[in-house]
Amino acid sequence: MQSDTPKVLVPLNGRPMIQHLLDAIKASGADQRPVLVVGHNADTLHSALGDSYDYVYQKEQLGTGHAVQCAESLLAGKAENIIVLYGDHPFVGTETIANLQALHEREGCVLSMMTSIVEDFNDWRAPFADFGRIVRDAEGRIISIVEAKDATSAERELREVNPAFFAFKADWLWNNLKKLRNDNAKGEYYLTDLVRIAITGGECLASMRIDPLESIGVNTPEHLTLVHTVMRHQGSTSS
């Protein structure tokens with residue numbers, strides 16, 4: 001982000017980026033004491049966010065799957081279901097989180113996920129071109145997620161994308177995280193590979209669609225500029 005400030009503490013509307021998400025989680029009723037997986041800026045994050053959360057230290061950044069695995073020692077046997085969200089995605093709403101929790105509990109699947117449908121990959125939607133594409137069968141069931149870099153030209157035209165917001169049955173999650181492999185270009189353990197593991201194992205998957213605006217993440221200064229532009233636009237249209 002070309003800044004000494006940890007990415008998730010970059011301010012949006014006067015609050016750290018991650019605080020928007022944490023407030024939504026608490027307001028949703030899903031968890032009053034979320035667990036934060038933190039890395040080399042752990043002390044800075046703890047100082048900024050306070051003691052209302054539990055912190056898990058990820059010594060090496062080895063991917064999203066590895067980050068969740070770091071939380072197993074704290075959460076195994078203490079939670080029946082696990083929701084995974086990201087501190088650099090500040091727009092996931094209170095109602096959306098509550099709906100994911102309700103869907104997951106109602107359907108009883110090992111994995112429930114959010115997806116977004118975009119009309120195209122232009123303007124503020126351009127970053128979604130880098131998201132994995134959701135592939136469904138004739139009955140509408142998810143059969144795979146194809147990462148953008150691995151997609152064929154036809155698959156890249158699919159407009160349903162994966163922001164990687166998940167709910168899991170905890171026991172299934174802890175068992176299957178061990179199956180993740182890091183034989184990819186980044187040498188990382190990807191949480192999204194659990195979708196493939198679930199599908200291959202014949203497990204039930206549930207999904208719900210959310211507004212693409214809620215799927216916007218901030219990974220670069222350009223993304224941050226985009227987020228501020230979107231927020232200004234929302235403010236002008238709601239006033």
Side-chain angles (χ1 to χ4, degrees), residues 6-9 17-18 21-22 25 30-46 49 51-89 92 97 100-101 103-105 108-115 131-132 142 144-147 149-150 162-207 215 217-219:
K7 178 171 61 171
V8 297
L9 295 183
M17 184 189 310
I18 193 175
L21 176 65
L22 293 173
I25 291 171
D31 194 341
Q32 293 306 302
R33 192 174 178 85
V35 174
L36 307 183
V37 180
V38 297
H40 61 276
N41 289 308
D43 291 341
T44 303
L45 287 165
H46 195 167
L49 300 174
D51 295 323
S52 298
Y53 314 98
D54 289 320
Y55 296 83
V56 172
Y57 183 60
Q58 184 187 19
K59 184 177 180 180
E60 297 180 273
Q61 277 63 66
L62 300 178
T64 49
H66 177 255
V68 175
Q69 198 166 30
C70 289
E72 181 178 358
S73 59
L74 180 64
L75 293 174
K78 298 179 182 178
E80 183 178 348
N81 298 299
I82 304 293
I83 293 177
V84 179
L85 301 168
Y86 306 95
D88 57 0
H89 285 70
V92 185
I97 296 169
L100 177 64
Q101 180 182 18
L103 170 72
H104 188 64
E105 293 175 351
C109 294
V110 299
L111 188 161
S112 303
M113 59 186 293
M114 304 184 199
T115 73
F131 281 34
I142 295 174
S144 71
I145 298 176
V146 181
E147 296 304 321
K149 63 182 181 298
D150 300 321
N162 172 39
F165 304 147
F166 297 112
F168 300 96
K169 283 191 175 180
D171 290 344
W172 185 90
L173 173 65
W174 306 134
N175 288 333
N176 285 277
L177 278 173
K178 300 175 177 65
K179 299 178 183 178
L180 296 181
R181 299 174 61 88
N182 66 341
D183 50 354
N184 52 66
K186 290 188 175 181
E188 295 184 351
Y189 298 91
Y190 295 136
L191 195 67
T192 50
D193 286 348
L194 290 176
V195 177
R196 173 185 50 78
I197 290 172
I199 292 170
T200 302
E203 299 286 1
C204 163
L205 269 69
S207 67
S215 299
V218 181
N219 288 307

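Rounding to the nearest 0.5 Å places CG of Asp183 at 13.0 Å from CD of Glu188. Annotation: the span from Leu45 atom CG to Tyr55 atom OH amounts to 7.0 Å, rounded to 0.5 Å. Distance CG/Asn176 to CZ/Arg196: 10.0 Å, rounded to 0.5 Å. Rounding to the nearest 0.5 angstrom, the gap separating the SG atom in Cys109 from the CG atom in Leu103 is 7.5 Å. Atoms CD1 and CD1, on Ile25 and Ile83 in that order, are 8.0 Å from each other to the nearest 0.5 Å. Going from atom CG of Asp150 over to atom CG of Asn184 covers 9.5 Å, rounded to the nearest 0.5 Å.
Contact between His104 and Asn81 at its shortest, heavy atoms only, is NE2-OD1, 3.1 Å. Closest approach of Pro6 to Thr44, counting heavy atoms only: CG-CG2, 4.0 Å. When all heavy atoms of Phe168 and Leu194 are compared, the closest pair comes out as CE2-CD1, 3.7 Å. When all heavy atoms of Ala164 and Thr192 are compared, the closest pair comes out as CB-CG2, 3.9 Å. Of all non-hydrogen atoms in Ile97 and Leu85, the two that sit nearest each other are CD1-CD1, 3.9 Å. Nearest heavy-atom pair, Lys7 versus Val218, reported as atom, atom and distance to 0.1 Å: CD-O, 3.0 Å.
Other residues, nucleotides and ligands place more than 12 heavy atoms under 6.0 Å from the CD atom of Gln32. Within a 6.0 Å radius of NZ in Lys186, other residues, nucleotides and ligands contribute 12 heavy atoms or fewer. Atom CZ of Arg33 is surrounded by more than 12 heavy atoms from other residues, nucleotides or ligands within 6.0 Å.
Ring orientation note: the planes of Phe165 and Tyr86 are tilted relative to one another, at an angle of 30° to 60°.
Under the 4.5 Å side-chain criterion, counting only non-hydrogen atoms from C-beta, His46 is not in contact with Val38. Using a 4.5 Å heavy-atom cutoff, the side chains of Glu203 and Leu111 are not in contact. At a threshold of 4.5 Å between non-hydrogen side-chain atoms, the residues Met113 and Ile145 count as touching. In this structure, the side chains of Trp172 and Ile197 come closer than 4.5 Å at one or more pairs of heavy atoms.
Applying the ring pair (Phe, Tyr, Trp, His ring centres under 6.0 Å) test to His40 and every residue at least two apart in sequence or in another chain returns nothing.
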Q: Check step by step if side chain to side chain contact (heavy atoms under 4.5 Å, CB included) holds for Leu21 and His89.
A: CA-CA 7 Å; Leu21 176 65; His89 285 70; 5.8 Å; no
Q. Yes or no on side chain to side chain contact (heavy atoms under 4.5 Å, CB included) for Tyr189 and Asn182, after CA distance, side-chain angles and deciding distance?
A. CA-CA 5 Å; Tyr189 298 91; Asn182 66 341; 3.5 Å; yes
**Q.** Audit row: Leu100, Met114, side chain to side chain contact (heavy atoms under 4.5 Å, CB included) steps and yes/no
**A.** CA-CA 8 Å; Leu100 177 64; Met114 304 184 199; 3.4 Å; yes
Q.
Quick one, Leu9 with Leu49, criterion side chain to side chain contact (heavy atoms under 4.5 Å, CB included). Give me CA distance, side-chain angles, the key distance, then yes/no.
A. CA-CA 9 Å; Leu9 295 183; Leu49 300 174; 4.2 Å; yes
Would you be so kind as to tabulate the donor-acceptor pairs closer than 3.5 Å made by side chains of residues 64-78, with sequence neighbours excluded?
{"unit_1": "Thr64", "atom_1": "OG1", "unit_2": "Leu191", "atom_2": "N", "d": "2.9"}
{"unit_1": "His66", "atom_1": "ND1", "unit_2": "Gln58", "atom_2": "NE2", "d": "2.9"}
{"unit_1": "His66", "atom_1": "ND1", "unit_2": "Glu60", "atom_2": "O", "d": "3.4"}

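Without hydrogens or angle criteria, Asp171 side chain to Asn175 main chain gives no donor-acceptor distance under 3.5 Å. The backbone N or O of Gly108 lies less than 3.5 Å from a partner atom in the side chain of Lys169, making a donor-acceptor pair.
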